[in-house]
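These notes are about the structure you will find just below.
Chain identifiers are assigned alphabetically (A, B, ...) following the order of the sequence lines, protein sequences preceding nucleic acid strands; residue numbering begins at 1 within each chain.
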Amino acid sequence: MRPRPSLAWLPRGGASALPLPASRPYATPSRERFPSSSQRTLPVQDLTDDRDRYHAICAVSDGLPAYWRRAHRLVQLAVRQAHGGKMLLRIEDTDRARSTDAAIAAILDGLRWLELNWDGEPVYQYARSERHREVAERLLAEGKAYRCYASPEELQAMRDKARAEGGSPGYDGTWRDKDPALAPVGVAPAIRFKSPREGKTVIEDRIQGRVTFANKDLDDFVLLRSDGTPTYMLSVVVDDRDMDITHVVRGDDHLTNAARQTQLFEALGWDAPIYAHVPLIHGPDGAKLSKRHGALGVEAYREMGYLPVALRNYLVRLGWSHGDAEVISTEEMIAWFNLEAIGRSPARFDFAKLESLNGHYLRTMPDAEIVSHLKALVPHLGDADDILGRIGNDGWAKLERAMPGLKERAKTLVDLLESADYLFAERPLRPDEKAAKLLDDGGRETLAALLPDLSAVEPWSVSGLEACVRSFAERTDRKLGKVAQPLRAALTGHSTSPGIFDVLEVLGREEALGRIADQTGAPENA
RNA sequence: GCUCCCUUCGUCUAAUGGUUAGGACGCCAGGUUUUCAACCUGGAAACAGGGGUUCAAUUCCCCUAGGGAGUGCCA
């Protein structure tokens, strides 16, 4: 298998060719950054770049609905990766019911589409459950975990009671010290972690600063389910250790988990990784985009016609900025990005801004590149067969020729496809309402008068056509618009289109004259 | 309920113990123009509220309100 480039969207020459700051591109900055707030003290770990291994998790069970905070974070991870760290991908599929092949494939597909590549092969967590069980057994043997026989009903009653009394929620520790001899027969126990009751657990988070939890508020979580399968909480800790993960960057919905995991690491005698909890992204309406609520998957954004580069630019700006920079090239992103500059407040997803960015990238992208994006996109659209049929074999070349005028006006690839429709329309065109009106208001007469002039244009080029139409307008005392608009209507069937001379040229002499004749009723070569 | 996090134009954000609080998207007006875009010029638009600290607070501290996350034998 070919080695995967560390970052697909890295410019030629790779990260080393980039203008990175000296030896430590993302050195722990600034204790000065938050000088006066003790709550925001940053960790002072000495980072060794060549062994930084970032953790890109893709939890299958919350899969697509929660995709955005993941994508957001992954963009950031990818940028870190470009600084020399490795981005490892782990599929957290410990929840068997929800981890379907289709869900996993959709995630990997989405990542590839976004051009966010990872190092090495993805690690499938479930495949390592034997190892996870071993660790649970060790904890049990060391008295750091215990068997719990509580039934779901009892657990629910505990939670209700805790809430009613306003006390700490969660498991009350009934079986923590209970004599195992009292275990009910025929009930398979879950294994729970014996978490510390006293003191506090402190996380030195690269984004959130120092966050302190009282241990009494963290209950004895389950390590092994009663069917013997390991839970996420256990698996993550073991895998972080085994994969030698140094940095965990994830959504801040995991902040509490970081505390639990820290306790586990301590119990195991292992060092916890450095955590960086990124704020979540909200929907356009401010509603949350959590796994319990709806949100679009990454493939939906592809189908809406957004460019990966635009999405990356948009996403990286959510919660992060570099002065007034808005359009940020990949090179700049890599040179400027730092975890510490990420804000701690959640951001809303704003389609208008994404569109504007997407339009910018479209306008500045080489025509051929846009065509290849289009080719990749069309099969994913609902009416793919229809579109493909209309474009036909030679349509792509025509599309590319028309691209300079088309891309100027489009916000998304889908817009672009729609506005390119006139290229593939079959004669006679059926003008839409506005176009029909343009033709009715004396337009047909104008076109009929123009047709002979146009027929005589040689060669059929933008400059020649423009000269012809302009002189016709002047000679017949018409404003250019009075000629151009009916022409547009006849040629494209719409009242808006790319520049009319471009349209004329791209369509070609025969097709263009034919379309005009269709509307005037005149023979084509009159 | 309990724990943790957050709060600058509508949105994303910048800056600062003393500023006309900056930029971008969006919006409005004008310009350019063969349409629509793009582009140019201008405009409206924000420091959640209340207390402190201070000569001075948007900035530091506290409280309140509002928002978010967690609170699972989900991840």
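Each ring pair (Phe, Tyr, Trp, His ring centres under 6.0 Å) pair with one or both residues in residues 190-214 of chain A, not counting sequence neighbours, appears once here: A/Phe193-A/Phe221. Residues in residues 492-507 of chain A take part in no salt bridge (charged side-chain N to carboxylate O under 4.0 Å, His left out) pair, two or more places apart or across chains.
Side chains of A/Ser463 and A/Glu466: a donor-acceptor N/O pair is absent below 3.5 angstrom, by distance only. Side-chain polar atoms of A/Glu332 and A/Ser329 form a donor-acceptor pair below 3.5 angstrom.
Taking atom CD1 of residue A/Ile203 and atom C1' of nucleotide B/rC5, one finds them 11 Å apart after rounding to whole Å. If you take CD of A/Glu408 and C1' of B/rC36, they are 11 Å apart, rounded to a whole angstrom. As a whole-Å value, the separation of A/Asp252 CG from B/rU3 C1' is 14 Å. Spacing between atom NZ of A/Lys216 and atom C1' of B/rG1 amounts to 13 Å, rounded to whole angstrom units. One atom, CG of A/Asp253, and another, P of B/rG72, lie 15 Å apart when rounded to the nearest Å. Remark: P of B/rG72 and OH of A/Tyr232 are 15 Å apart, rounded to the nearest angstrom. When the P atom of B/rC5 is taken as reference, atom CG of A/Asn257 falls 16 Å away, rounded to whole Å. Look at CZ on A/Arg409: it is 13 Å from P on B/rC39, rounded to the nearest Å.
For A/Arg488, taking side-chain heavy atoms from C-beta onward, the closest of the listed nucleotides B/rU35, B/rA75, B/rA14 is B/rU35. Side chain of A/Ser345, nearest nucleotide from B/rU7, B/rU34, B/rU3: B/rU7.
A/Ala489 comes within contact range of no nucleotide atom at all, as no heavy-atom separation falls under 4.0 Å. Base engagement by A/Ile500 is indicated by at least one non-hydrogen atom pair under 4.0 Å involving a base atom. At the heavy-atom level, A/Thr94 lies under 4.0 Å from the strands shown only through sugar-phosphate atoms. Residue contacts shown for A/Asp227 are absent, as no nucleic acid heavy atom lies under 4.0 Å away. A/Ser419 comes within 4.0 angstrom of no nucleic acid atom, judged by non-hydrogen atoms across all strands. Heavy atoms of A/Ser226 sit under 4.0 angstrom from at least one base atom. Contact annotation for A/Leu155: base contact, defined as any heavy-atom pair under 4.0 Å involving a base atom. Here A/Phe221 lies out of heavy-atom contact (under 4.0 Å) with every strand. Across all strands shown, A/Gly499 has heavy atoms under 4.0 Å from base atoms, whether or not it also approaches the sugar-phosphate. When heavy atoms are screened at a 4.0 angstrom cut-off, A/Pro152 is found touching no nucleic acid atom at all.
Of the residues in residues 474-485 of chain A, those lying under 4.0 Å from RNA chain B by heavy-atom distance are A/Leu480, A/Gly481, A/Ala484, A/Gln485.
Both thresholds, 5.5 Å between centres and 30° between ring planes, are met by A/His254 relative to the base of B/rA75, so the two rings are stacked.
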Which protein N or O atoms sit under 3.5 Å from an N or O of nucleotides 20-27 of chain B?
| from | atom 1 | to | atom 2 | distance (Å) |
| --- | --- | --- | --- | --- |
| B/rG22 | N2 | A/Asp324 | OD1 | 3.4 |
| B/rG23 | N2 | A/Arg317 | NH2 | 3.4 |
| B/rG23 | N2 | A/Glu326 | OE2 | 2.8 |
| B/rA24 | O4' | A/Glu326 | OE2 | 3.4 |
| B/rA24 | N3 | A/Lys353 | NZ | 3.2 |
| B/rC25 | O2' | A/Ala352 | O | 3.4 |
| B/rC25 | O2' | A/Lys353 | N | 3.2 |

Measure all distances between protein nitrogen or oxygen atoms and nitrogen or oxygen atoms of nucleotides 42-47 of chain B, and list the pairs falling under 3.5 Å.
none

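The side chain to side chain donor-acceptor pair (under 3.5 Å) search around A/Arg128 returns A/Asp239, A/Asp242, not counting sequence neighbours. Under the side chain to side chain donor-acceptor pair (under 3.5 Å) criterion, A/Asp350 pairs with no residue at all, not counting sequence neighbours. A/Lys200 is linked by a side chain to side chain donor-acceptor pair (under 3.5 Å) to nothing, counting only residues two or more places apart in sequence or in another chain. Scored by the side-chain contact (heavy atoms from CB on, under 4.5 Å) test, A/Lys178 finds A/Thr174, A/Trp175, A/Leu182 as partners (sequence neighbours excluded). For A/Asp219, the salt bridge (Lys or Arg N to Asp or Glu O under 4.0 Å) criterion is met by A/Arg260, not counting sequence neighbours. Partners of A/Lys479 by salt bridge (Lys or Arg N to Asp or Glu O under 4.0 Å), not counting sequence neighbours: none found. Shown here are the side chain to side chain donor-acceptor pair (under 3.5 Å) partners of A/Glu130, two or more places apart in sequence or in another chain: A/Arg133.
Of the side-chain N and O atoms in A/Thr256, none sit less than 4.0 angstrom from OP1 or OP2 of B/rC4. For B/rA37, the OP1/OP2 oxygens have no side-chain nitrogen or oxygen of A/Arg363 closer than 4.0 Å.
Across the P atoms, B/rU20 and B/rC63 are found 33 Å apart, a figure rounded to whole Å.
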